[in-house]
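Accompanying notes for the structure given below.
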Amino acid sequence: MPKIVEVLPDKESLIQRSLTLVMEKLQAALDARGHCTIALSGGSTPKPLYEQLATQSLPWDKVQVFWGDERYVPADHADNNARMARQAWLDLVPMPPANIHPMPTDGADPAADAQRYEGHLREFFHTQPGEFPTLDVVLLGIGDDGHTASLFPHTQALQVCDRLITVGEKDGQPRLTFTVPLINQAACVVFIVSDASKRPALTQVFAPIADNESYPSRLIQPQGELYWLLDAAAGLELNQKG
Ligand code: 6PG
């Protein structure tokens with residue numbers, strides 16, 4: 001399915017558009033199946049979106065929240081992605097704790113914790129070996145280097161195609177991450193990108209030809225919908241012909 005690229009005039013309108021899109025997709029899943037699943041991205045860009053989600057009215061007991069990646073730090077560490085989302089959103093709405101599925105980072109062994117989360121996902125989604133579950137929404141950001149989730153350039157994580165979860169690495173620091181095939185199984189992937197610092201990476205990601213290992217976000221080609229929501233600072237010069 002061709003990507004949908006939307007360039008919003010500023011960060012505030014980017015967040016508003018992200019909110020309406022995410023709400024639309026979650027509501028559609030709720031209408032269709034009575035529940036919905038979303039994987040959150042980390043970093044700084046999505047925080048105002050999570051703050052906006054905290055103001056919305058959804059049957060929160062029917063919403064299941066996962067993470068697409070996590071820094072391998074304790075749950076109460078300032079860099080922990082789940083901690084940020086709990087403070088901005090999840091602690092502020094009546095969502096049952098059982099609906100919140102943070103990646104484990106307390107086992108002192110990233111590979112073992114990656115498999116723990118994989119097992120948890122397989123149990124939750126009732127997937128068979130070799131199957132990849134379909135999440136309704138997967139939120140992603142992009143780094144200045146073109147990484148997404150914790151799929152960093154020229155790392156082994158980019159090659160993993162028979163797992164749901166693997167160990168990524170940034171500057172020698174381990175991270176847990178959805179694999180490319182798990183992200184690509186999503187019903188709807190939404191990149192939310194702000195700031196001129198992302199423009200060089202976006203140019204490479206959107207180029208007809210470029211090295212996927214150097215710009216891993218190019219590997220995200222979901223079987224479902226792919227949205228790139230950009231503010232003008234990030235997306236002004238892009239060829240938006242999809
Ligand atoms: C993380 C994210 C990562 C993030 C990008 C963009 O754990 O940091 O999942 O993939 O989305 O690095 O980060 P910013 O939104 O802070 O620019």
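Numbering of ligands and ligand atoms starts at 1, following listing order. Just so it is clear, the model here is predicted, and its values are computed rather than measured.
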Show which atoms of ligand 1 fall inside a sub-4.0 Å distance from at least one heavy-atom site of Gly141. 11 (O)

Is it true that Lys198 and Asp231 make a salt bridge, defined as a side-chain N closer than 4.0 Å to a carboxylate O? no

Looking at residues at least two apart in the chain, or sitting in another chain, which of them share a side chain to side chain contact (heavy atoms under 4.5 Å, CB included) with Ala114? Ile165, Val167, Leu176

Is it the side chain (CB and beyond), the backbone, both or neither of Arg71 that lies under 4.0 Å from ligand 1, heavy atoms counted? side chain

The reported gap from CD in Glu51 to CE in Met84 (rounded to nearest 0.5 angstrom) is 9.0 Å

If you have a sec, work out which protein heavy atom is nearest atom 6 (C) of ligand 1 and how many Å separate them, to one decimal? Ile142 O, 3.5 Å

What part of Asp69, side chain, backbone, both or neither, has a heavy atom within less than 4.0 angstrom of ligand 1? side chain

Tell me whether Glu70 is salt-bridged to Arg175, with the criterion being a basic N under 4.0 Å from an acidic carboxylate O. no

In terms of residue, atom name and distance, what is the protein heavy atom nearest to atom 15 (O) of ligand 1? Thr45 OG1, 2.6 Å

Distance filter under 4.0 Å to Arg175 heavy atoms, resulting ligand 1 atoms: 1 (C), 7 (O), 8 (O)

Tell me if a side-chain donor or acceptor on Tyr72 pairs with a main-chain N or O of Asp109 at a distance below 3.5 Å. yes

Quick note on ligand 1: atoms under 4.0 Å from a heavy atom of Asn81 include exactly 1 (C), 7 (O)

Considering the heavy atoms of His147, write down every atom of ligand 1 situated less than 4.0 Å from one of them. 3 (C), 5 (C), 10 (O), 12 (O)

I'd like to know whether CD of Gln87 has more than 12 heavy-atom contacts from other residues, nucleotides or ligands below 6.0 angstrom. yes

Looking only at N/O atoms, are Thr148 and ligand 1 under 3.5 Å apart anywhere? no

Identify the protein heavy atom lying closest to atom 13 (O) of ligand 1, giving its residue, its atom name and the separation to 0.1 Å. Gly43 CA, 4.0 Å

For Tyr227, does the six-membered ring have the charged nitrogen or CZ of Lys25 within the cation-pi criterion, i.e. under 6.0 angstrom from the centroid and within 45° of the normal? no

Scanning both residues in full, the closest heavy-atom pair of Ala201 with Gly143 reads CB-O, 3.8 Å

Do the charged groups of Asp195 and Lys11 touch, with an N to O distance under 4.0 Å? no

Pick one of side chain, backbone, both or neither for how Ala149 approaches ligand 1, counting any non-hydrogen atom pair under 4.0 Å. backbone

Judging by distance only, is a nitrogen or oxygen of Gly42 under 3.5 angstrom from one on ligand 1? yes

Any non-hydrogen atom of Lys198 lying under 4.0 Å from ligand 1? yes

